[in-house]
Amino acid sequence: MSGTDPEPRGSFLDALKRRTVSSDLQPPVPPALRQATAYAWRLLVIAAALGVVIFLVIQLKLLVVPLLVAILVTALVWPAFSFLLRHRWPKWLAIVVTVLGTIALISGLVWLAVWQITREFGSVRERTVDAVSQFRQYLIDGPLHLSAQQIDDGLRQAGTFLQQQAEVLWTGALAIGTTLGHVGTGVLLTLFILLCLLADGGGIWRWTTRLFPRVARPAVDGAGRAGWRTVKSYARTQLLVATIDAIGIGLGAFLLGVPLSIPIGVLVFLGAFIPFVGAVATGALAVFIALVYNGPLVALFMLIVVLGVQQIESHVLQPILMGSAVKVHPLAVVLVVAGGAMIGGIAGALFAVPLAAFVNVVAVYLSSKAWQHDGQALASRDLIWQTVPRERGRRS
């Protein structure tokens with residue numbers, strides 16, 4: 001034996017491990033890359049889950065759309081329904097009055113629009129012919145300097161294109177019939193869901209919360225109720241916006257002599273439920289009709305009316321009637337509505353903002369664990385969509 005003791009086995013293994021870890025063939029992963037990877041795979045899982053949800057919604061759209069419409073209509077009529085209940089109306093009578101009143105209001109608006117279109121059809125047709133003739137003359141005498149032959153060739157090409165699409169149009173006739181059947185079925189399903197929500201919405205929600213584990217039920221219940229309050233406030237705000245815009249723009253069109261003022265008001269009322277985008281689109285339509293039938297000067301006044309009504313509604317009447325509220329940036333609204341329209345068309349644009357507001361409130365509620373603090377109010381700075389008006393002060 002030599003005079004030196006052999007190296008302990010433990011120290012040899014430690015040295016070998018250190019050498020293996022520090023080998024150039026297996027360099028350590030940088031902490032930033034490790035953290036980015038952790039975020040990346042979690043985001044991929046979330047994106048995959050959202051993709052599955054969107055796919056299921058699209059496949060079940062004949063059920064999902066009536067359900068969402070019924071929930072939104074319930075939020076719209078809830079103030080009137082709760083008012084009747086507070087004044088000790090029987091629940092069944094309050095439901096009947098609320099539902100029949102809603103149907104009567106919608107039917108009345110449609111009847112007024114159809115009545116004016118039928119009444120002014122002859123004059124509108126004549127003015128349309130005159131407007132087309134003036135536009136044709138403008139193309140010839142204006143800066144484009146088109147010839148009559150070029151205009152006729154363009155119209156002929158458009159006619160040829162329509163003839164080429166005739167087969168597609170005829171083939172789509174059966175699809176149109178199927179769509180009408182789907183619409184009828186959706187209306188009946190929406191009405192049935194609306195009646196169920198008004199009759200026993202609380203019971204339906206309690207049954208829904210029992211689908212979750214017992215330990216998660218307080219969080220689910222609190223988050224759902226917070227989201228529902230936001231949806232109700234959103235619906236009330238949009239109803240106010242739609243009413244003010246429809247009355248102001250429709251009355252302005254009537255006073256300026258723009259034809260079809262009632263249909264314009266009805267379209268403005270319906271379009272206002274798609275925030276920002278709907279108001280801009282229907283207002284532009286009113287200005288375009290004024291330009292075609294009444295000329296540039298009346299169109300300019302119509303534009304002033306549209307902008308004035310929207311400014312008064314957003315900066316004067318809403319704060320007075322509903323209190324101060326944090327506004328949503330138009331960019332956020334446009335992006336959400338555009339994304340909803342790309343996924344679900346008109347229905348997607350209609351439900352995009354309330355769904356985004358609901359998801360935002362639920363996420364903030366769950367992340368802040370507000371159910372553990374006796375329903376502590378959510379901080380407005382954490383909310384992207386703050387649709388609940390802030391209290392301006394308590395009245396004694």
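Counting all heavy atoms, side chain and backbone alike, Tyr365 lies closest to Gly222 at OH-CA, 3.2 Å. Nearest heavy atom pair, residue Val364 against residue Ser367, reads O-OG, 3.1 Å. Across every non-hydrogen atom of Val258 and Met302, the tightest pair is CG2-SD, 4.2 Å. Closest non-hydrogen pair, Thr282 versus Leu267, comes out as CG2-O, 3.3 Å. Residue Val337 comes nearest to Ile274 through the heavy atom pair CG1-CG2, 3.7 Å, listed as atom of the first residue, atom of the second, then distance.
Classification of the His87-Phe83 ring pair by plane angle, with boundaries at 30° and 60°, yields tilted.
With hydrogens and angles ignored, the 3.5 Å screen pairs no side-chain donor or acceptor of Arg119 with any backbone N or O of Trp115. A distance-only check finds no donor-acceptor pair linking the side chain of Ser233 to the backbone of Thr230 [under 3.5 Å]. Side-chain N or O atoms of Arg236 include none that pairs as donor or acceptor with a backbone N or O of Pro79 at under 3.5 Å. Of the possible polar contacts, none joining the Gln238 side chain to the Phe273 backbone as a donor-acceptor pair under 3.5 Å is found. One N or O on the side chain of Lys91 and one on the backbone of Ala199 form a donor-acceptor pair closer than 3.5 Å. The closest donor-acceptor contact from the side chain of Asn294 to the backbone of Gly257 lies under 3.5 Å.
We find the CG-OG1 distance between Leu68 and Thr190 to be 9.5 Å, quoted to the nearest 0.5 Å. Between the CD1 atom in Ile249 and the CG atom in Leu307 there is a gap of 9.0 Å [rounded to 0.5 Å]. Here Thr74 contributes atom OG1 and Leu194 contributes atom CG; the two are 4.5 Å apart, rounded to the nearest 0.5 Å.
Residues Val231 and Leu366 share a single hydrophobic cluster, defined by chaining ILVMFWY side chains whose heavy atoms lie under 4.5 Å apart. A continuous path of hydrophobic side-chain contacts links Phe301 to Val306 [ILVMFWY only; heavy atoms under 4.5 Å].
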